[in-house]
Undergrad: 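Shown below is the structure under consideration.
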Amino acid sequence: MDFLSSMKEDGLLTTYSSRSFLLEPLLLRWVFGFLHVVLLLVLFCLWVRNKVWGDSGFGVVTKSLKSKAVLFCSLALSLLNLVLLLLSGFSWYESSCSDNEQLVSLVVFVLAMVSWGTLSICLHRCSDYEQTKPPFLLRLWLVLYLLVSCYSLVVDIVIYKKNKTVHVLLPVYEIVSFSAALFLGYVAFFKKARGSINRVLEEPLLNEDSSVGATPYSRAGILSLLTFSWMSPLIETGNKKALDLEDVPELHVSDSVVKLAPNFRSMLESSSDGGGVTTFKLLNALFFSSHWEILVTAFFAFIYTIASYVGPALIDTLVQYLNGRRQYNNEGYVLVTTFFLAKLLECLAKRHWYFRLQKIGIRMRSCLVAMIYEKGLTLSCHSKKGRTSGEIINFMTVDAERVGSFCWYIHDSWLLLLQIGLAMWLLYMSLGLASIAALVATFLVMLVNIPFGKMQERFQEKLMEAKDSRMKSAAEILRNMRILKLQGWEMKFLSKVFDLRTCEEGWLKKYVYNSAVISFVFWGAPTLVSVSTFGACILLGVPLESGKILSAIAIFSTLRQPIFYLPETISMVVQTKVSLDRIASYLCQENLNPDVVENLPKGSSDIAVEVSNSTLSWDVSSANPTLKDINLKVFHGMKVAVCGTVGSGKSSLLSSILGEVPKISGSLKVCGTKGYVAQSPWIQSGTIEENILFGKAMERERYEKVVEACSLSKDLEVLSFGDQTVIGERGINLSGGQKQRIQIARALYQDADIYLFDDPFSAVDAHTGTHLFKEVLLGLLSSKTVIYVTHQVEFLPAADLILVMKDGRISQAGRYNDILNSGTDFMELIGAHQEALAVVGSVHASYASEKPGLVRDAIDSKETQESQDLKNGKSDTGEANRQLVQEEEREKGSVSLDVYWKYITLAYGGALVPFIVLAQVLFQLLQIGSNYWMAWGTPVSKDVEAPVNLYTLMIVYVALAVGSCFCILVRSTLLVTAGYKTATELFHRMHRCIFRSPMSFFDTTPSGRIMNRASTDQSAVDLDIPYQFSSLAVTAIQVIGIIGVMSQVSWLVFLVFIPVVAASIWYQRYYIAAARELSRLDGVCKAPLIQHFSETISGSTTIRSFNQESRFRGDNMRLSDAYSRPKFYLAGAVEWLCFRLDMLSSLVFAFSLIFLISIPTGVIDPSLAGLAITYGLNLNTQQAWLMWALCNLENKIISVERILQYASVSSEPPLVIESNRPENSWPSLGDVDIRDLQVRYAPHMPLVLRGITCTFKGGLRTGIVGRTGSGKSTLIQTLFRIVEPSAGEIRIDGVNILTIGLHDLRLRLSIIPQDPTMFEGTVRSNLDPLEEYTDDQIWEALDKCQLGDEVRKKEHKLDSSVSENGENWSMGQRQLVCLGRVLLKRSKILVLDEATASVDTATDNLIQKTLREHFSDCTVITIAHRISSVIDSDMVLLLSNGIIEEYDSPVRLLEDKSSSFAKLVAEYTSRSSSSSD
């Protein structure tokens, strides 16, 4: 195939006549042409056959060869033939179309290009396939092609050895053809059919049909793919309406995490070889999970790079052409065609390169998120202590995103070397040895960056560490915002967040200013390189001509982009390495040991649970194990009760059966499935029904039984949406008792064999507790194995076996009567219980002798009647039924200009913005001026005299260059200053507003939404958005500069440019409607993913106990794909727009070129025309970049819009009202007067308290009782103004609490809340977060609440660490810490909101005794489920359905045997007495 044999005149190849017929190149060309015609005919016939008789031929061909490698090979051969066709075409054209041999070569190349291109299209369109052997004809054709290729290569070698006249391209082409034929032959003859592969490995991960319907991208034709027209329907839809997630097509199965994650996991595991995950192994797995896509993008990047240097290489030729030097006829049109085709190829390659890079990024992020989630499900408790939920969420929201973003830079390292190599080669061809100066200057600039790169890496690491600390603290604060507001601590904790942010801002400041210096160095780099090169030319005597100068400037301009983005690439490499290090470190964390518990098949043993000589500990390295020498046998159907004092190891015993506690020695065996009810309720966001079903199919009869047994029927009747009511995050819109009962219902519905209950009855009232015990444990679970922890002695007699825990050991075991007198530990518990009963009995006995003068508060009978009338109503008339938790709000339509204005003017009132723009304008003018000066000051050719001498030329050029560099320094510094200040201001505004928002905001807003803004959106504001604004301004100014220079050549360019700009604007407006909504959906779809992740981490024990890991992984993947969909189609939309803009700007450039070559020589200065072409080469890039920057800014500014959303949330009333501050001694008496109090949680919700009027006398103890959901906790929240009354008032010592500041109220009251809360930090910071008390006072409080000895045992005493949520302290100990807080505070009014629900009876008695001793002169308001906690109160308030049913002294209420309180006491007494008998 001697396709260049006709180039005899140029000396490229000469043929000789002594060749034999078999060595004749013309024969070989005819044979090759014939073979390609045969291939086309075969494909055509099989296609016709397929259309007429179905997929019996054509499909077999395509399906048999279908693979990415074959597709890539065919496409490469087609493109190679296209390149050779162009080269031969130019050669044939230069020979005046007279060489017949060359004409034959042209025909052969056309046939080869078309045939291989047709095969590529066929292979691409065949997506789902089952490999089979190719038909005989195709295999025969491949054999012939292989033989001819081999023969042709041998011929070239023979000719070369004899004559050495073969052109270098010829053997290259033959080697490629032979290699391709060899590979295709291997695929056709030796590759195993796909059907023979083990299909087990390809089963779908989820129990779903793995075949996903064709997507617009997967079913698009080749032309649609090339032009991104497959995006047009979605963009059109976006113009007609605001896009919702339902409008966005699904991802194809190859891009779905459902398929990607298992492959990635297997690659990671195979590379780990049993060792831990390292950064290299993680990177290796990421590469091989998308290696074909990465190679395809590398191919596109290579094509783009080659095409981008065609223009600079031809500028000198074009200038000489305009100066009158013509090498051949129609040279001008050939040049214009070459310029245009190079631009077209550059555009296509760049667009598909960029799109596929984003596609790879989405895949990698999805894989990492799946792995991080998987790890969160299996993380051991010891590992969890070192990784808080906030940190783990950061791995997903920040680190995985950054790895995905790194794909933009994946090829930059080798591309930079290629671009520098091409640039140096072109410069050497033009300027000779002076190009060495350019090379030295380029490497000097790169070397200067090394120290800045290292600093950038360190700053990035520190910035991420600081962000982790802040997010960790923010996550904990958001979880516990209710207790912070009750205690009046929210501003103290806000200052803690601000302190953490200040540390973060310190590193952010260093990071952005370092970036500014790097930006200055590299914007100045092309100037430094050009000054060095032109200076070297003068020193070496290389003649400077305007054509060569302009060619060099164009090369420097092309080289600017990779050099300019080098610092960003280095920064991104650094950031990505840090992120991969962090993820790898996390993935190396210890998993739960699956061998702790031996799970036996159901029915294989009579023993349900067997624990033999087991020692277990949460901290294996601790000298004092959590559980010691545990021996236990539980037979099927047994009821086992576990009791003991606070911290004795009851919950740890259940956790060990679940396999959560690391085992030191012994064995644990469990036979059957498990159901677990945790002490702290774990509720998922979603409907009540979804929480109960927990992934099981609905069986209505069983469901109704479970709901009834758990006393949920009445609750569901009251709720407007029944069991379809959406529960807020962590069950925020449910009472503690309702959460616990839903949790019990969830366990019951699973129909497990073994049930583990961790004191679930403590969170419900006595009546409900009794009902649950009878209906659940003794009813529905009568035939099941149940192990239950309880502090309520009355539930012990029904047990077949009672375990008494003390100091991590089983101190006593047996039936109730057997162990009653066999040891002291159980007797202590029974004694405490009897002591509580004695208190109830004493009240019973004393009512006869009670003095008649005791005050009884009258209740207005009319008011009571009215309240009773409202009792059964669900909501007030006219209330709109609306769920409490709504879908996340998102703006629709274009981003308001107000958002841009607020962002721009936030820093220093926008004073820096004009100076930033001015600096960039001056830079552009000085750059144009310097280039114009060099073009004007140098001659067009050697025979023309230069206008100025070389010394003046360089002095002026250097001065202009230095001036432009100074402008860049000013712009970079001012930009990062303004961006840093704006980010800081936005952060403070949003957090102040969030912390000051009412509790209803947190009740209706999942923390994932807030965390998303505090992490992802804040990161965008910190690091991205300033550069997006800068990019837009810089590119706009550059486009104006380019058009300005081109218009100097001819104003006619405006005839094309104006309509092109109009078309570009129309395209941009048409595109942005869809892109904007896709970007918003991107933000909205992230919050559910974060929220699900957060919920999974907190509920991992419950999820594992029900063996629901697979379902939760599936949910995570579904949410991950939902998040990826808008990203994928947004990437397609961007490239859809950029492709069209590139085409339009290429038309402007082509028109300018045609105009220049059409006018007579001498009309336009060739130097000026060359300068216009030099700038015009960048027009398509800059114009597309301008629109892209504009759209990208609008997409990114949504982060500011979302932050401003939460910076304008309505605020609570003032914390302090200076004009109405109570006296320092207030409240001195503690009188609480409630008048006609009506409360609802939201305007659309029913009244919870329906007109309450009563008075709590100062110094008296008042107990509040009532069924779960009767309004007890709501009354307390209203007292603290967590909920503002709808009507009525509360007065404390005559002061209306609605008229004073919130902190003046809350800091004067004390509360021990229902959920005992501890914060990460120390014992001291938990007792005294406001730092108001001395160590002696803290020790005194600890001793009073019986924790002093426990804390003294610890090494660091008051500085002993408390882990996240106080997880290294038992529930009872956390409750005692809360008691310690109020003992320190010593307020006149103390509220106990079911404060002793989580402690045993003995500890409850201790707390009551402590309160009686130290708060004897205070007003104590107690909400309790234990009658013994309120029976000795001075007054009892009984609430029912939000109204007062009874309010009097316990004695008087007990006198009336028909009173509800008397019935409650009688029920409690009879139940408790029966247990004591």
Undergrad: Using side-chain heavy atoms (C-beta onward) and a distance below 4.5 Å, is Tyr409 in contact with Asp412?
TA: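 The answer is yes; the side chains approach within 4.5 Å.
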Undergrad: Kindly say whether Leu245 contributes a backbone atom to a donor-acceptor pair with the side chain of Arg1125 at under 3.5 angstrom?
TA: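 Pair found, side chain donor or acceptor close to backbone of Leu245.
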Undergrad: Could you check Leu286 against Leu368 for side-chain contact (heavy atoms from CB on, under 4.5 Å), going step by step and ending with a plain yes or no?
TA: CA-CA 9 Å; Leu286 284 169; Leu368 287 174; 4.1 Å; yes
Undergrad: What distance separates Arg265 CZ from Met371 CE, expressed to the nearest 0.5 Å?
TA: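 One finds 6.0 Å between CZ of Arg265 and CE of Met371.
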Undergrad: CZ of Arg1076 to CD1 of Ile1197: how many Å apart, nearest 0.5 Å?
TA: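 If I round to the nearest 0.5 Å, the distance is 13.0 Å.
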Undergrad: Do you know which of Trp408, Phe302, Tyr304 makes ring-ring contact (aromatic ring centres under 6.0 Å, His included) with Trp353?
TA: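 Result for ring-ring contact (aromatic ring centres under 6.0 Å, His included) with Trp353: Tyr304.
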Undergrad: Would you please test Asn263 and Ser289 for side-chain hydrogen bond (donor to acceptor under 3.5 Å, both in side chains) and show each step?
TA: CA-CA 7 Å; Asn263 294 340; Ser289 64; over 6 Å; no
Undergrad: Using side-chain heavy atoms (C-beta onward) and a distance below 4.5 Å, is Leu422 in contact with Thr305?
TA: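 They are in side-chain contact.
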Undergrad: Which heavy-atom pair separates Leu260 from Asp255 by the least distance, and what is that distance?
TA: CD1-O, 3.6 Å
Undergrad: With rounding to the nearest 0.5 angstrom, report the SG to CZ distance, Cys347 to Phe340.
TA: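 Atom-to-atom, Cys347:SG and Phe340:CZ are 9.5 Å apart.
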Undergrad: Is the shortest heavy-atom distance from the side chain of Glu246 to the side chain of Leu243 under 4.5 Å?
TA: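 No, side chains not in contact.
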Undergrad: Where the side chain of Tyr1123 meets the backbone of Asp1082, is there a donor-acceptor pair that is under 3.5 Å apart?
TA: no
Undergrad: Verify side-chain hydrogen bond (donor to acceptor under 3.5 Å, both in side chains) between Ser218 and Thr215, making sure each step is shown before the conclusion.
TA: CA-CA 5 Å; Ser218 66; Thr215 64; 3.1 Å; yes
Undergrad: Just say parallel, tilted or perpendicular for the rings of Trp1136 and Tyr1067, cut-offs at 30° and 60°.
TA: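 Trp1136 and Tyr1067: perpendicular rings.
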Undergrad: Taking side chain as C-beta onward, heavy atoms only, is Pro249 less than 4.5 Å from Tyr217?
TA: no
Undergrad: So do the side chains of Glu1135 and Gln358 get within less than 4.5 Å of each other, counting heavy atoms only?
TA: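 Side-chain contact under 4.5 Å: yes.
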Undergrad: Could you give the distance from OG (Ser308) to CD1 (Ile303), rounded to the nearest 0.5 Å?
TA: 11.0 Å
Undergrad: Is it the case that Ser1124 and Arg363 place a side-chain donor and acceptor less than 3.5 Å from each other?
TA: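 Note: Ser1124 and Arg363 side chains miss the donor-acceptor criterion.
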Undergrad: About how many Å separate CG of Leu1190 and CD of Gln1028, when rounded to the nearest 0.5 Å?
TA: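 Gln1028 CD to Leu1190 CG: 11.0 Å, rounded to 0.5 Å.
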Undergrad: Between Phe264 and Met364, is there a side-chain heavy-atom distance shorter than 4.5 Å?
TA: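 They are not in side-chain contact.
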Undergrad: Where does the angle between the aromatic ring planes of Phe228 and Trp230 fall among parallel (under 30°), tilted (30 to 60°) and perpendicular (over 60°)?
TA: tilted
Undergrad: Is there a side-chain contact between Leu344 and Ser1146, using heavy atoms and a 4.5 Å cut-off?
TA: no
Undergrad: Whether Lys1086 and Glu401 form a salt bridge (side-chain N of Lys/Arg under 4.0 Å from carboxylate O of Asp/Glu) is what I want to check.
TA: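 Result for this pair is yes, salt bridge flagged.
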Undergrad: Regarding Lys350 and Glu346, does a basic nitrogen lie under 4.0 Å from an acidic carboxylate oxygen?
TA: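 The answer is no: the pair does not qualify as a salt bridge.
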Undergrad: Any donor and acceptor pair, going by atom type alone, linking the side chain of Ser1145 with main-chain N or O of Leu1141 inside 3.5 Å?
TA: yes
Undergrad: Can any side-chain N or O of Thr1035 pair as donor or acceptor with the backbone N or O of Leu1032 at less than 3.5 Å?
TA: no
Undergrad: Using 0.5 Å steps for rounding, measure from the CZ atom of Arg351 to the CZ atom of Phe1139.
TA: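 Arg351 CZ to Phe1139 CZ: 10.0 Å, rounded to 0.5 Å.
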Undergrad: With no hydrogens and no angle check, do the side chains of Asp247 and Thr237 hold a donor and an acceptor under 3.5 Å apart?
TA: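 Judged by distance alone, the side chains do not pair up.
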Undergrad: Take atom OH in Tyr1070; do more than 12 heavy atoms of anything else shown fall under 6.0 Å from it?
TA: yes
Undergrad: Verify the ring-centre separation between Phe1128 and Phe355: is it less than 6.0 angstrom?
TA: yes
Undergrad: Is the shortest heavy-atom distance from the side chain of Val257 to the side chain of Val369 under 4.5 Å?
TA: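 No, every pair of side-chain atoms sits at 4.5 Å or beyond.
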